[in-house]
Participant: 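The following block contains the structure, expressed as structure tokens.
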Amino acid sequence: MPRALMSPVIDACIQIAKATDTPVGDGVAPDCDKPYIVISSVSSPPYTGPLSDGEADSSDRVQFSSIGETREQADLVRDSIRTALTYSALDTEFVTASANRRTLNLRLDVPRPLERDDRGLPSPIFISVDQYLIETTPA
């Protein structure tokens, strides 16, 4: 799904992640020290309408990558997202952004184990990736 059509869902997720007091990047790492969160659109099931259709339900998969300098730091960031991302938090953000959407379903769809990444860095980073399936409907 094109980024412009995902905007209300991604924007709501970014605002919720910012409430955790951890720097957030929209698809790319923010320009800061670790820890941080990167939020990106992964895919959408083919059976749902686009968010641009004011009458259609939409189902979108959003990925939260929690990055830290240590295993514990990445775990803490991931846990803070899991705690903050709720039906009511999403609904509040949709209303705030005047996105005219409501949350139908929110589910941790693809949790992945914490991984160490040593590629081209002076020191390793630790990454924990969760994918959420977020289903919305017009308000």
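Just so it is clear, the structure is predicted and the values come from calculations on it, not from any experiment.
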Participant: Do I125 and K34 have side chains that approach each other closer than 4.5 Å (heavy atoms only, starting at C-beta)?
Facilitator: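 Result yes, sub-4.5 Å side-chain heavy-atom pair found.
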
Participant: Would you call R82-D130 a salt bridge at under 4.0 Å N-O?
Facilitator: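 A salt bridge links R82 with D130.
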
Participant: Which heavy atom of A89 sits nearest a heavy atom of A84, and at what distance?
Facilitator: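 Between these two residues, the closest heavy atoms are CB-O, 3.5 Å.
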
Participant: What distance do R61 atom CZ and S40 atom OG have between them, rounded to the nearest 0.5 Å?
Facilitator: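 Interatomic distance, R61 CZ to S40 OG, rounded to 0.5 Å: 12.5 Å.
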
Participant: Would L76 and I127 show up in the same hydrophobic cluster when neighbours are defined by side-chain heavy atoms closer than 4.5 Å?
Facilitator: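 In one cluster: no.
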
Participant: With hydrophobic residues grouped by side-chain heavy-atom distances under 4.5 Å, do L114 and I67 end up in a single group?
Facilitator: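 Each belongs to a different hydrophobic cluster.
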
Participant: Identify the two heavy atoms, one from V38 and one from P30, that lie closest to each other, and give their separation to 0.1 Å.
Facilitator: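 Scanning both residues, the minimum pair turns out to be CG2-CD, 4.4 Å.
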
Participant: Is there a side-chain contact between D11 and Q15, using heavy atoms and a 4.5 Å cut-off?
Facilitator: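 When only atoms from C-beta onward are counted, Q15 and D11 do not touch, as no gap falls below 4.5 Å.
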
Participant: Is there a side-chain contact (heavy atoms from CB on, under 4.5 Å) between N105 and Y87? Walk through the geometry before answering.
Facilitator: CA-CA 8 Å; N105 187 19; Y87 283 96; 3.4 Å; yes

Participant: Can you give me the closest heavy-atom contact between L133 and D109, atom names plus distance?
Facilitator: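 Looks like N-CB, 3.9 Å.
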
Participant: Could you state whether Y132 and F94 fall into the same hydrophobic cluster, counting links through intermediate Ile, Leu, Val, Met, Phe, Trp or Tyr residues with side-chain heavy atoms under 4.5 angstrom apart?
Facilitator: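 They do share one cluster, since a chain of ILVMFWY contacts under 4.5 Å joins Y132 to F94.
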
Participant: Flag yes if V24 and L90 sit in one hydrophobic cluster, no otherwise; membership is Ile, Leu, Val, Met, Phe, Trp, Tyr, and two members link when side-chain heavy atoms are under 4.5 Å apart.
Facilitator: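 Yes: a chain of side-chain contacts under 4.5 Å links V24 to L90.
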
Participant: Going by atom types only, do S66 and R78 share a side-chain donor-acceptor pair under 3.5 Å?
Facilitator: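 Checked: S66/R78 side chains show no N/O donor-acceptor pair below 3.5 Å.
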
Participant: Where is the tightest heavy-atom contact between P23 and C32, given as atom of each residue plus distance?
Facilitator: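 Minimum heavy-atom contact is CB-SG, 3.5 Å.
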
Participant: Passes side-chain contact (heavy atoms from CB on, under 4.5 Å), V9 versus V62? Steps please.
Facilitator: CA-CA 8 Å; V9 174; V62 178; 3.8 Å; yes

Participant: How close do A74 and G68 get, counting heavy atoms only, and between which atoms?
Facilitator: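 Minimum heavy-atom contact is CB-N, 3.9 Å.
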
Participant: Please check if the side chain of D91 supplies one atom and the backbone of T103 the other of a donor-acceptor pair under 3.5 Å.
Facilitator: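 Checking the backbone N and O of T103 against the side chain of D91, a donor-acceptor pair under 3.5 Å is found.
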
Participant: What's the verdict on side-chain contact (heavy atoms from CB on, under 4.5 Å) for I134 and C13, showing C-alpha distance, side-chain angles and the deciding distance?
Facilitator: CA-CA 10 Å; I134 301 172; C13 290; 3.7 Å; yes

Participant: Do F64 and L85 come close enough that some side-chain heavy atom pair is under 4.5 Å?
Facilitator: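 In short, these two side chains touch, coming nearer than 4.5 Å.
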
Participant: Considering only heavy atoms from C-beta outward, does the side chain of L104 approach that of T136 to under 4.5 Å?
Facilitator: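 Contact flag for L104/T136 side chains = no.
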
Participant: Please answer: with hydrophobic residues joined when any side-chain heavy atoms are less than 4.5 Å apart, are I81 and L108 in the same cluster?
Facilitator: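 Cluster IDs for I81 and L108 match.
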
Participant: Between T92 and T96, is a side-chain contact (heavy atoms from CB on, under 4.5 Å) present by the stated rule, with each step listed?
Facilitator: CA-CA 6 Å; T92 298; T96 301; 4.2 Å; yes

Participant: Is the shortest side-chain heavy-atom distance between S58 and R101 below 4.5 Å?
Facilitator: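 Side-chain contact under 4.5 Å: yes.
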
Participant: If you compare all heavy atoms of S41 against all heavy atoms of I10, which two are closest, and at what distance to 0.1 Å?
Facilitator: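 Closest approach of S41 to I10, heavy atoms only: N-CD1, 3.8 Å.
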
